[in-house]
> 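One structure, pasted below without further comment.
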Amino acid sequence: MRRLPSSVCSPSSHHLNPITSMSTGSNSLVWFRKSLRVHDNPALEHASKCSGSMYPVFVIDPHYMEPNQSSFSPGSSRAGVNRIRFLLESLSDLDSSLKKLGSRLLVLKGEPSDVILRCLQEWKVKRLCFEYDTDPYYQALDFKVKEYASSVGVEVFSPVSHTLFNPTEIIDKNGGKAPLSYQSFLKIAGEPSCADSELVMSYSSLPPVGDVGSLGVSEVPTLQELGYRDDEQDEWTPFRGGESEALKRLRKSISDKAWVANFEKPKGDPSAFLKPATTVLSPYLKKFGCLSSRYFYQCLQRVYKDVKKHTSPPVSLLGQLLWREFFYTTAFGTRNFDKMKGNPICKQIPWKEDHDMLAAWRDGKTGYPWIDAIMVQLLKWGWMHHLARHCVACFLTRGDLFIHWEQGRDVFERLLIDSDWAINNGNWVWLSCSSFFYQALSPITYHMDLFFVSKVYLFICLHFLRRCFFGGGIQYNRIYSPISFGKKYDPDGKYIKHFLPVLKDMPKQYIYEPWTAPLSVQTKAKCIVGKDYPKPMVMHDEASKECKRKMGEAYALNKKMNGNIGDEDLRDLRRKLENDEESNIRNQRPKLN
DNA sequence: ACTAAGTTGCGTGT
DNA sequence: ACACGCAACTTAGT
């Protein structure tokens with residue numbers, strides 16, 4: 001077995017009690033939450049060093065897992081069936097890996113801190129090991145568990161191993177604040193400690209599980225045993241959960257060295273679904289930790305070493321891994337990160353509350369096939385390409401509907417198999433132009449040293465100065481078109497036809513705008529717009545113009561108030577914007593007729 | 001006060 | 001494929 005650097009254990013190393021940590025021959029409990037894997041799992045490794053029994057535990061938390069019939073799609077109120085299934089597959093895979101090593105996974109049900117406390121008592125555990133977690137839910141839960149454990153003399157080992165960096169350390173290095181731009185994050189973060197350390201990838205055997213007593217331990221349950229139905233939908237996610245699947249997928253991705261070396265995120269095709277344009281490693285990395293981010297990092301570095309030229313962050317594959325780190329750090333270092341109100345880095349914007357519009361977006365019934373197909377892919381697969389997520393998020397918020405990003409966030413959080421608290425919230429804040437939205441200058445800055453050479457460079461100089469003083473443009477003006485964005489990748493609409501079969505016979509010149517097709521064409525395609533497929537809920541040109549205007553006013557107010565905007569200010573602005581909108585419509589009406 | 005720098009748009013033209 | 005006009009920012013650091 002190979003050792004890890006001690007730095008990975010840092011956040012709670014002060015919990016190492018010199019008296020209890022000497023108690024060899026005692027029992028240990030490894031509590032799995034994320035990190036549903038054997039490889040590079042420091043909590044498991046530490047627990048396995050006990051010379052008594054080791055109890056590997058997973059707690060089924062009713063808070064997340066209680067079936068809810070009144071949700072808009074099958075699942076619990078917090079998770080769709082796709083993600084619950086993905087979790088159960090991950091647990092089964094973990095259980096079978098543990099069984100091969102002479103152990104097994106013990107599944108218990110209940111409020112996790114209650115369950116863990118009972119386990120500690122019943123099994124006379126002396127060492128409790130679980131991965132450190134920055135999500136607010138686990139911060140509160142873990143605090144309770146640690147309090148109890150230290151009060152009864154149980155050693156707690158809680159290493160940072162979900163991320164490459166320790167968010168606490170990065171925030172400290174940055175003077176107590178989370179860095180707000182990717183570039184500044186990279187500068188502060190530097191090299192991760194796993195860059196030159198050996199990771200523990202496997203074991204020859206694990207300590208045996210002791211007597212489990214009367215605590216209601218079970219095997220990994222099935223969907224049906226948990227009370228879910230999966231016969232209500234014809235298509236489900238093609239992605240299977242688990243560490244074995246994660247490692248298989250990783251090996252397949254990195255075996256194509258040229259593909260890894262040339263990976264550039266903004267160039268991927270969001271409409272590719274038969275063979276997605278990205279690795280689809282996110283479900284394995286993010287939510288359940290079936291794949292170690294540190295192992296992935298080392299694999300990428302090995303590939304980069306072997307090739308002459310490769311892309312770099314932010315667009316490279318490594319760049320994607322570091323985006324995850326960036327969002328974890330920012331989310332951990334920001335108060336009320338998942339809310340607009342009371343969030344110091346979030347613009348206060350008078351978003352609309354409109355349940356019907358939200359439901360139309362959520363159910364894939366906006367009347368824009370590109371948007372609806374993406375939302376159907378979310379419902380069916382629990383996964384979409386990153387840029388496809390951008391399109392629907394922009395459409396819901398600042399692009400067309402002007403609905404609150406928190407409501408879109410809730411839908412994603414429930415349905416995505418890779419949904420992750422920090423990354424999901426971070427991306428919604430970003431896409432709604434509520435924070436971190438700055439735009440780089442063009443590479444023309446590189447010509448600075450040539451300014452004096454000729455008239456040509458004088459021109460470039462003037463151009464540069466203009467760009468410099470007036471900036472690269474603010475992003476709320478840059479709206480993804482629900483018609484043309486998809487078209488440039490998939491002019492035939494294959495993606496739309498797969499996820500919206502009602503449009504499968506619509507000719508390709510109308511597939512992105514079926515309401516423009518003559519009635520004879522709609523009849524022939526057996527798809528009458530307004531009957532078989534909805535009419536567009538807003539006209540994009542007008543709606544996006546309206547949104548830009550509202551964003552402009554909201555930004556101006558934020559600037560004027562220096563970010564200190566109260567409920568009343570926001571209500572007044574909302575009223576003003578709505579009045580303006582009405583009078584604009586009134587003024588336009590005569591022209592339209 | 002000033003400067004530097006910040007992940008990924010659209011429509012139109014060649 | 002690439003270039004241009006569009007409209008005309010905000011923050012952190014000095």
Side-chain angles (χ1 to χ4, degrees), chain A residues 174-188 263-270 277-278 311-327 330 334 344-349 370 385-391 393-395 397-400 423 426-427 429-431 433-448 456 459-460 462-489 512 540-541 543-545 547-549 551-563:
Chain A
N174 194 43
K177 272 189 183 171
L180 288 180
S181 82
Y182 184 74
Q183 294 302 331
S184 65
F185 170 83
L186 292 186
K187 234 180 268 172
I188 292 151
F263 183 93
E264 260 186 86
K265 191 55 166 284
K267 292 194 178 163
D269 176 356
T278 52
T311 52
S312 299
V315 296
S316 65
L317 218 42
L318 172 62
Q320 306 315 301
L321 193 53
L322 294 169
W323 274 108
R324 174 178 178 272
E325 302 288 319
F326 169 70
F327 281 126
T330 310
T334 305
I345 67 163
C346 186
K347 285 263 181 314
Q348 303 299 303
I349 293 167
W370 171 246
H385 185 278
H386 181 72
L387 290 178
R389 300 181 193 199
H390 280 208
C391 289
C394 179
F395 186 88
T397 58
R398 68 187 169 85
D400 292 85
I423 299 166
N427 276 307
V429 166
W430 190 303
L431 255 295
C433 277
S434 298
S435 197
F436 347 86
F437 40 80
Y438 314 106
Q439 165 71 34
L441 292 174
S442 74
I444 207 149
T445 46
Y446 298 124
H447 295 290
M448 272 296 273
V456 175
F459 172 78
I460 290 173
L462 288 171
H463 186 81
F464 164 74
L465 288 173
R466 216 184 62 185
R467 293 298 292 252
C468 192
F469 288 125
F470 299 109
I474 188 131
Q475 280 211 340
Y476 69 73
N477 287 315
R478 303 190 162 184
I479 291 173
Y480 291 90
S481 162
I483 297 155
S484 51
F485 190 84
K487 211 186 266 180
K488 71 184 171 204
Y489 295 99
Y512 285 85
H540 174 67
D541 284 350
S544 60
K545 213 175 276 175
C547 282
K548 278 187 224 177
R549 193 180 62 77
M551 290 298 284
E553 296 221 21
Y555 265 52
L557 184 67
N558 275 268
K559 194 176 171 183
K560 189 175 135 205
M561 307 294 283
N562 205 10

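Residue numbering restarts at 1 for every chain, and letters A, B, ... go by the order of the sequence lines.
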> Set out, line by line, the N/O atom pairs under 3.5 Å between protein and nucleotides 10-14 of chain B.
from: B:dC10; atom 1: OP1; to: A:Ser481; atom 2: N; distance (Å): 3.0
from: B:dC10; atom 1: OP2; to: A:Lys488; atom 2: NZ; distance (Å): 2.8
from: B:dG11; atom 1: OP2; to: A:Ser484; atom 2: OG; distance (Å): 2.6

> Parallel, tilted or perpendicular, judged at 30° and 60°: which one describes the rings of A:Phe327 and A:Trp430?
perpendicular

> Compare the ring of A:Trp323 with the six-membered ring in the base of B:dT7 and state whether they stack (centres under 5.5 Å, planes under 30°).
yes

> I'd like the C1' distance from C:dA8 over to C:dC4, given in whole Å.
16 Å

> Side-chain contact, heavy-atom cut-off 4.5 Å: A:Ser484 with A:Tyr512?
no

> Take atom CD1 of A:Ile345 and atom P of C:dA12, then tell me their distance rounded to the nearest Å.
10 Å

> Using atom NZ of A:Lys487 as one end and atom C1' of B:dG9 as the other, report the distance to the nearest whole Å.
16 Å

> Using whole Å, what does the distance between atom C1' of nucleotide C:dC9 and atom CE of A:Met551 come to?
12 Å

> For the pair made of CZ in A:Phe326 and C1' in B:dT7, what is the distance, rounded to whole Å?
10 Å

> Can you see which heavy atom on A:Val315 is nearest to which on A:Phe263, and at what distance?
O-CD2, 3.4 Å

> Between A:His540 and A:Asp400, does the side chain to side chain contact (heavy atoms under 4.5 Å, CB included) criterion hold? Intermediate values first, please.
CA-CA 6 Å; A:His540 174 67; A:Asp400 292 85; 2.6 Å; yes

> Is the shortest side-chain heavy-atom distance between A:Thr330 and A:Pro179 below 4.5 Å?
no

> Which stems, defined as runs of 3 or more consecutive Watson-Crick or G-U wobble pairs with both pairing distances under 3.5 Å, involve DNA chain B?
B:1-6 with C:9-14, B:9-14 with C:1-6

> State whether A:Tyr476 and A:Lys548 meet the cation-pi test: NZ (Lys) or CZ (Arg) under 6.0 Å from the six-membered ring centroid, and within 45° of the perpendicular axis.
no

> When the P atoms of B:dT7 and C:dG13 are compared, how many Å lie between them, rounded to an integer?
14 Å

> Measure CG/A:Leu387 against C1'/B:dT8 and give the value in whole Å, please.
7 Å

> Examine C:dC9: is either OP1 or OP2 under 4.0 Å from a nitrogen or oxygen in the side chain of A:Lys559? Give yes or no.
no

> Below the 4.0 Å mark, does C:dA7 have OP1 or OP2 next to a side-chain nitrogen or oxygen of A:Lys545?
no

> Among the candidates B:dT7, B:dT8, C:dT10, find the nucleotide nearest to the side-chain atoms of A:Lys347.
C:dT10

> Can you tell me the distance, in whole Å, between the CG atom of A:Leu180 and the C1' atom of C:dG13?
14 Å

> Can you tell me the distance, in whole Å, between the CG atom of A:Leu557 and the C1' atom of C:dC9?
16 Å

> Compute whether any side-chain donor of one residue and acceptor of the other, for A:His385 and A:Asp269, lie under 3.5 angstrom apart.
no

> Ignoring hydrogens and angles, tell me if any N or O in the side chain of A:Glu553 forms a donor-acceptor pair with the backbone of A:Arg549 under 3.5 Å.
no

> Quick one: are A:Leu431 and A:Thr397 in side-chain contact, heavy atoms under 4.5 Å?
no

> Just the rounded figure in Å: distance from P of B:dG9 to CH2 of A:Trp430.
11 Å

